[in-house]
Enquirer: 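Below is the structure I would like to discuss, written out as structure tokens.
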Amino acid sequence: MLKSFVEAIYKAWEGSVEKVSSLFFLPRRDEKGFSLAIIKAKAKQDEGELAAKKLQLPTAASIAELNIDRKLTKNISYAFVKKWLILPVSLDDQALTIATSDPNATEPLDELRFQFQKEVRLIWVPRDTIFAAIHEYYQQDENAATRLLEGMEAGGVKRPDEDDHEIYDILEDDTEQPPAVRLLNLIVGEAIKRGASDIHFDPEERGLVVRYRIDGVLLVHLSPPQDLQSPLITRMKVMAKMDIAERRLPQDGRIKMRMGAKTMDFRMSTLPVVHGERVVLRLLDKGNVVLGLDTIGMPQGVLEQFRRMISCSEGMILVTGPTGSGKTTTLYSALSELKNEETNIMTIEDPIEYRLPGVAQMGVHPKIGLTFAIGLRHILRQDPDIIMIGEIRDKETAEIAIQSALTGHLVLCTLHTNDAASAVTRLVDMGIEPYLISSCCLGTLAQRLVRTKCTYCQGIKDKESCQMCHGSGFYGRHGLYELMPLSSAIRKQISISPEAVLLQEIAIQEGMQRLTEHGKELVAAGVTTREEVWRVTRGGDVG
């Protein structure tokens, strides 16, 4: 019965979603008295495609088949093309050619005829294809925010509309919008375009400084005048549903924004400082996350050892490193390989950064008493096979994690330490008995992220003109890894003395490659630079 239920849904939705008008769920009773659902799918033919055939219009299956003039996107607003789902293609002396999915829509055609004083020719393109292309062809100009500031008069700043929808459209560029709204859209749009992970709004005596964190490094983007500081921050607090009147206490919130066909989550944090409220937006772009242990840059030997560890049915694996070193991505990549229908995987995180299909994820809420320790106790009652702990912060959480590993669970968790050996010392400092660590811990993995050289700058005399790295010389990041499996010699040393230096010496004798050694290999291969490895390893010997 369940199989036929699923097959009915699949058949109803097979192909284009636009062809399905409705799904009907009709309850009935079978002879055993159980309530069943009968699904009837009513599909209608695409009226736009029929109209195109009737009018004998030229068609294109993809935007790539069209030679689109990008200059036209500056003459036709994003709001207009989004409303009517059309895209300008070309303009000549005789006519304006546009791509449309609905030739029956005459209102936009009349407006375009009036605007350009030319005839309008149509090319039919599928609706979902046009929707995706609008995002590609209406990217924000990286200098638009600066030009907007230059043309703005501080005295004309208006208070942002506090009644906007819950999901905010970044590409919306309505001249009637308050300047702070337009400026924020441009700032966020440029941050997404440049691959920033965070946006910092730093209030200073002279005004607000906007900085992007790109590949782990903060770069100044622009400095709006002081008169725009309050409207910008108020706008963000309204979007995040924060108390705009409260400026003395830190606040946290979330914002959802749409850029074309893509919707992104932003985590917002405010902090009162000397010259006002400091705001940091963390971009959580699920579309840019590529999970998989093969994709995160582990050396082959480390990858094979780590895979052997996560294949164990019980025990604890610690991933260490500072904030922003990619620990969560590594754990998510491990879980993506481990998940299947026969395995119950549960996580407790602060916060949940990305949703993993097939994994039960829980976020902590200290304000209501849901801490890592309490949440972990409840997870153990859910019959988990694998548990991921976002971070071990205290003795209670560490004790529960170790007991879970000792009682038949595979536990993956993170710690903030500088190297792999220090993870053991840190647990002992928390009050965990050394024999418990040696009994359950499978290994510790330390990692960092280094910026990689921009390959697009090759052959460009003026490096500052590179559109990919924007003159920085770096584009993208690569992981540095240091894996210390807990061998019998290391377990014995933990029982004698869990000093990190002693554990590290044994691990090196057994073949452990240090972070700096992995960095030297990347430098020799031309992937990164000595200075970059030195920066992330805090001055370690990189030769």
Side-chain angles (χ1 to χ4, degrees), residues 13-21 43-142 144 165 167-175 177 182 185-186 189-190 192-193 257-264 285 287-288 467:
W13 288 84
E14 188 177 19
S16 173
V17 175
E18 299 293 332
K19 296 181 180 179
V20 178
S21 61
K44 67 175 183 178
Q45 293 182 338
D46 192 319
E47 296 178 359
E49 186 174 5
L50 289 175
K53 291 179 180 178
K54 185 176 181 181
L55 296 172
Q56 297 183 341
L57 297 179
T59 63
S62 67
I63 295 297
E65 299 178 19
L66 307 175
N67 186 19
I68 292 182
D69 185 355
R70 285 184 175 270
K71 296 179 181 179
L72 287 175
T73 59
K74 298 180 180 179
N75 300 324
I76 303 177
S77 71
Y78 167 75
F80 184 80
V81 299
K82 188 185 77 169
K83 177 180 179 182
W84 297 107
L85 279 183
I86 62 173
L87 195 66
V89 176
S90 62
L91 178 66
D92 55 32
D93 295 336
Q94 285 76 37
L96 167 70
T97 302
I98 66 168
T100 179
S101 62
D102 184 10
N104 291 324
T106 59
E107 185 176 342
L109 307 185
D110 293 338
E111 290 190 30
L112 292 173
R113 289 191 188 99
F114 178 79
Q115 178 182 347
F116 289 90
Q117 293 295 303
K118 293 183 183 296
E119 188 55 45
V120 177
R121 295 172 181 166
L122 303 180
I123 298 175
W124 184 83
V125 178
R127 178 185 178 92
D128 54 348
T129 303
I130 287 185
F131 189 74
I134 288 175
H135 166 62
E136 178 182 352
Y137 286 93
Y138 277 79
Q139 289 281 4
Q140 294 287 3
D141 181 358
E142 64 184 53
H165 297 292
I167 299 180
Y168 301 86
D169 200 324
I170 297 171
L171 295 178
E172 198 75 57
D173 189 19
D174 187 350
T175 55
Q177 288 180 329
R182 298 177 60 202
N185 287 345
L186 291 168
E190 175 65 9
I192 295 170
K193 183 179 177 182
M257 294 187 186
R258 180 188 299 114
M259 188 170 179
K262 184 164 55 175
T263 300
M264 286 153 291
D285 186 359
N288 284 340
Q467 295 299 310

Enquirer: Find out whether K53 and W124 are in side-chain contact, i.e. whether some heavy atom of one side chain is under 4.5 Å from a heavy atom of the other.
Expert: no

Enquirer: Tell me the closest heavy-atom pair linking A60 and P126, and the distance in Å.
Expert: O-CD, 3.4 Å

Enquirer: Tell me the closest heavy-atom pair linking I68 and P88, and the distance in Å.
Expert: CG2-O, 3.5 Å

Enquirer: Check the pair K118 / R113 against side chain to side chain contact (heavy atoms under 4.5 Å, CB included), numbers first and verdict last.
Expert: CA-CA 5 Å; K118 293 183 183 296; R113 289 191 188 99; over 6 Å; no

Enquirer: Under the 3.5 angstrom rule, does the side chain of Q115 hit a backbone N or O of I76 as a donor-acceptor pair?
Expert: no

Enquirer: Could you tell me which non-hydrogen atom of V89 sits nearest to which non-hydrogen atom of A99, and how far apart they are?
Expert: CG2-N, 3.7 Å

Enquirer: Would a 4.5 Å heavy-atom cut-off, applied to side chains only, mark T59 and I123 as touching?
Expert: no

Enquirer: Above 12 or not: heavy atoms from other molecules or residues under 6.0 Å from CD of Q117?
Expert: yes

Enquirer: How far apart are the closest heavy atoms of I134 and V81, and which atoms are they?
Expert: CD1-O, 3.6 Å

Enquirer: Is there a side-chain contact between L91 and N75 in this structure, where contact means two heavy atoms from C-beta onward sitting under 4.5 Å apart?
Expert: no

Enquirer: So do the side chains of L72 and L96 get within less than 4.5 Å of each other, counting heavy atoms only?
Expert: yes

Enquirer: Can you find a heavy atom in the side chain of D102 that is under 4.5 Å from one in the side chain of L85?
Expert: no

Enquirer: For D92, look at atom CG and say whether over 12 heavy atoms of other residues, nucleotides or ligands are found less than 6.0 Å away.
Expert: yes

Enquirer: Kindly indicate whether the side chain of D169, heavy atoms from C-beta on, has any atom under 4.5 Å from the side chain of K82.
Expert: yes

Enquirer: M259 and G189: which non-hydrogen atoms are nearest, and at how many Å?
Expert: CE-O, 4.1 Å

Enquirer: Stepwise, does the side chain to side chain contact (heavy atoms under 4.5 Å, CB included) test hold for V125 with L87?
Expert: CA-CA 10 Å; V125 178; L87 195 66; over 6 Å; no

Enquirer: Within the 4.5 Å heavy-atom criterion, are N185 and Y168 side-chain neighbours or not?
Expert: no

Enquirer: Write down the atom of A95, the atom of R121, and the distance for their closest heavy-atom approach.
Expert: CB-NE, 3.5 Å

Enquirer: Within a strict 4.5 Å, meaning less than it, do heavy atoms of the L109 and L122 side chains meet?
Expert: yes

